[in-house]
Amino acid sequence: MPTLVVTHWQTPAVVARIEREFTPRYNTLGRPYTQDELLAAADGADALFVSSADKLDARFFQLLPASVRVISTFSVGYEHVDRAAAAAAGIPVGYTPDVLNDATADIALLLLLGASRRAFEAQQLVRSGEWATRGTAHLLGWGITGKRLGIFGMGRIGRAVAQRARAFGMTIHYYNRTQLPPQMEEGAVYHASAESLLRVSDFLSLNAPNSPATRHFLNAETLAMLPHGAIVVNTARGGLVDDETLIAALKSGQVAAAGLDVFEGEPKINPGYADLPNTFLLPHIGSATVETRTAMGMLALDNIVAVLEGKPAPSLLPPPA
Ligand code: 8YV
């Protein structure tokens with residue numbers, strides 16, 4: 001059986017398959033491998049099952065043992081993989097698109113509602129025992145029905161967010177590099193520029209990948225384009241947001257509330273977020289359901305098995321631009 005390095009925890013169903021089909025080498029350190037530890041573990045292995053915590057840069061592919069024939073990452077995001085270096089080394093890299101669309105879009109709606117209905121403050125009131133009166137002035141939030149939701153990045157997850165938000169009576173606007181065909185837009189209003197989208201976004205959902213083009217997309221200049229009192233949610237990557245400027249906007253009221261599942265530099269987050277009452281914060285759990293994590297693990301393994309058997313793999317990373 002081929003030897004597989006597994007760098008992170010997997011669900012019991014995925015582990016059972018690994019045990020059936022591979023000779024596994026598990027990371028038992030209780031933390032991600034350093035790059036050198038991963039390279040050492042890869043020595044003599046046929047395949048690597050990694051995650052976004054593993055940095056697969058040019059150095060990694062230069063030093064990768066020749067035994068390794070395929071790598072698959074347990075993520076849809078692939079900013080941790082240098083695709084040009086992988087291609088130069090002749091190593092196919094699989095990833096896990098699609099299977100996490102619904103789970104991640106669910107979390108976007110949880111953030112949207114959690115932020116707009118002030119769920120953090122409400123939880124605190126109940127749990128602290130300070131909820132003493134049946135006051136009608138308590139914790140007034142902002143309704144979502146009839147509001148405009150701007151979606152920055154109308155890919156698979158963005159469209160799943162749109163589908164859910166429509167059911168809440170929101171009007172969907174979006175910016176994407178290319179306009180979608182009408183059957184995929186389902187009535188959503190296309191904006192050819194991000195600025196135009198921002199100007200109408202009562203609510204803004206970030207759903208674009210992290211790249212040099214999207215880094216710090218949300219900054220002092222773009223936050224000022226939002227309608228005053230907008231609500232921002234992010235299930236994509238923390239790198240899309242310039243934290244200090246969002247925190248300033250949350251303090252000034254330009255942004256009424258933010259729901260964030262992802263953070264630049266996570267798991268260390270800018271402490272300014274935790275000090276604010278108008279943030280609803282989650283620890284990157286967009287894909288964290290048993291069903292989704294199992295589906296991601298199975299897809300990652302499907303990629304590995306296909307390449308090892310010389311068959312077409314279901315989801316390899318697109319070639320570098
Ligand atoms: C995972 C993710 O939590 O798929 C992605 O890109 O960010 C999440 O689904 C993460 O990759 C697990 O390491």
Side-chain angles (χ1 to χ4, degrees), residues 4-15 18 26-27 29-35 37-38 41 48-57 60 71-83 86 93-111 152-161 205-211 213-215 217 233-241 259-269 281-304 313-318:
L4 177 69
V5 174
V6 182
T7 67
H8 49 283
W9 185 91
Q10 289 296 327
T11 63
V14 174
V15 170
I18 291 171
Y26 296 111
N27 172 2
L29 298 176
R31 57 161 173 82
Y33 277 141
T34 63
Q35 188 173 78
E37 288 167 345
L38 176 55
L48 311 182
F49 183 4
V50 303
S51 83
S52 44
D54 300 303
K55 197 167 169 51
L56 311 188
D57 56 11
F60 174 84
I71 300 173
S72 205
T73 178
F74 184 71
S75 59
V76 65
Y78 50 81
E79 67 281 350
H80 56 297
V81 182
D82 183 332
R83 285 180 293 157
V93 181
Y95 73 135
T96 60
D98 279 327
V99 290
L100 43 60
N101 298 347
D102 289 331
T104 308
D106 289 348
I107 289 293
L109 268 291
L110 177 63
L111 292 176
F152 178 71
M154 196 65 150
R156 293 169 282 227
I157 296 172
R159 297 200 294 278
V161 172
S205 175
L206 300 181
N207 294 103
N210 198 20
S211 73
T214 59
R215 189 178 140 71
F217 161 69
V233 304
N234 189 4
T235 51
R237 284 291 185 264
L240 272 69
V241 177
L260 306 172
D261 184 47
V262 288
F263 302 85
E264 189 157 47
E266 64 186 40
K268 287 201 177 72
I269 75 164
L281 309 175
L282 298 177
H284 199 150
I285 57 168
S287 66
T289 67
V290 176
E291 297 85 351
T292 299
R293 289 279 167 86
T294 297
M296 291 167 69
M298 293 300 183
L299 182 53
L301 294 178
D302 289 346
N303 286 319
I304 288 169
S315 56
L316 294 183
L317 289 185

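This chain uses plain numbering: 1 for the first residue, then up along the sequence. Given the structure is predicted, the values throughout are model-derived calculations rather than measurements. Atoms within a ligand are numbered from 1 in the order they appear, just like the ligands themselves.
Partners of Val233 according to the side chain to side chain contact (heavy atoms under 4.5 Å, CB included) rule, which considers only residues two or more places apart in sequence or in another chain, are Leu111, Leu112, Ser205. With sequence neighbours excluded, no residue forms a salt bridge (charged side-chain N to carboxylate O under 4.0 Å, His left out) with Asp82. Shown here are the side chain to side chain contact (heavy atoms under 4.5 Å, CB included) partners of Asp106, two or more places apart in sequence or in another chain: Arg164.
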Start with the C-alpha distance between Thr292 and Ser287, add both sets of side-chain angles, then the distance that settles side chain to side chain donor-acceptor pair (under 3.5 Å), and finish with yes or no.
-> CA-CA 6 Å; Thr292 299; Ser287 66; over 6 Å; no

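Thr104 and Thr235 are not linked by any side-chain donor-acceptor pair at a separation below 3.5 angstrom, with hydrogens and angles left out of the test.
A salt bridge links Glu37 to Arg31: one of the charged nitrogens lies within less than 4.0 Å of a carboxylate oxygen.
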Dump all N/O pairs between ligand 1 and the protein below 3.5 Å as a table: atom names plus distance, one pair per row.
| unit_1 | atom_1 | unit_2 | atom_2 | d |
| --- | --- | --- | --- | --- |
| ligand 1 | 3 (O) | Ser287 | OG | 3.4 |
| ligand 1 | 3 (O) | Arg293 | NH2 | 3.1 |
| ligand 1 | 4 (O) | Val76 | N | 2.7 |
| ligand 1 | 6 (O) | Val76 | N | 3.3 |
| ligand 1 | 6 (O) | Gly77 | N | 2.8 |
| ligand 1 | 6 (O) | Arg237 | NH2 | 2.7 |
| ligand 1 | 7 (O) | Arg237 | NH1 | 2.8 |
| ligand 1 | 7 (O) | Arg237 | NH2 | 3.2 |
| ligand 1 | 7 (O) | His284 | NE2 | 2.8 |
| ligand 1 | 9 (O) | Ser287 | OG | 2.7 |
| ligand 1 | 11 (O) | Ser52 | OG | 3.1 |
| ligand 1 | 11 (O) | Phe74 | O | 3.2 |
| ligand 1 | 13 (O) | Ser52 | OG | 3.2 |

